[in-house]
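Worksheet for the structure shown next.
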Amino acid sequence: MKLARRPFINGMGQTFPDRVTTDYYDILKSPETREKRIDEHRVEVFLVPLPKSRNEDLYELSRYLKSSPGWALIYWDDLCCIYVAASIL
């Protein structure tokens, strides 16, 4: 599968504009604005490191993606999960 767009954000967050970083944290921490931010940035793929505990923001994001009909888990291993928007499958 080849994606036509560049990553929304990656591990080098300091190279992104402040608004992108703020929106990334909204996706992680704010259920109220999560879907809006995902739509605004047209996010189609999430590579989510496995959280070490339920207290991590990544746990909530993983839980959201797993339970949402708009996302499909296409890969997982001991380190991460990859979710893809159902609309591109």
With a 3.5 Å cut-off and no angle check, do the side chains of Y75 and D77 form a donor-acceptor pair? yes

Q) So with a 6.0 Å cut-off around CG of D39, is the heavy-atom count from everything else above 12? A) yes

Counting only N and O atoms by type, is there a donor-acceptor contact under 3.5 Å from the side chain of R34 to the main-chain atoms of I27? yes

Quiz prompt | Same apolar cluster (I L V M F W Y, side chains within < 4.5 Å links), I88/I82 | solution = yes

*Do L50 and C81 come close enough that some side-chain heavy atom pair is under 4.5 Å?*
yes

**Side chain proximity check, K66 to L73, heavy atoms < 4.5 angstrom** = no

Q. Is a salt bridge present between R19 and E40, judged by a nitrogen-to-oxygen distance below 4.0 Å?
A. yes

Just by distance, do the side chain of S68 and the backbone of Y64 share a donor-acceptor pair under 3.5 Å? no

### Task
Determine whether Y83 and I74 make a side-chain contact, defined as any pair of heavy atoms from C-beta on separated by less than 4.5 Å.
no

Q.
Tell me whether Y59 shares a hydrophobic cluster with I38, the cluster being built from Ile, Leu, Val, Met, Phe, Trp, Tyr side chains joined at under 4.5 Å.
A. no

* To do: Flag the pair C80 / V48 as yes when at least one side-chain heavy-atom distance between them is below 4.5 Å, and no otherwise.
  => no

Practice task
Check whether W71 and W76 end up in the same hydrophobic cluster, where Ile, Leu, Val, Met, Phe, Trp and Tyr are linked by side-chain heavy atoms less than 4.5 Å apart.
Solution key: yes

Notebook entry, point to check: So do V84 and L89 actually touch side chain to side chain, heavy atoms under 4.5 Å?
Noted result: yes

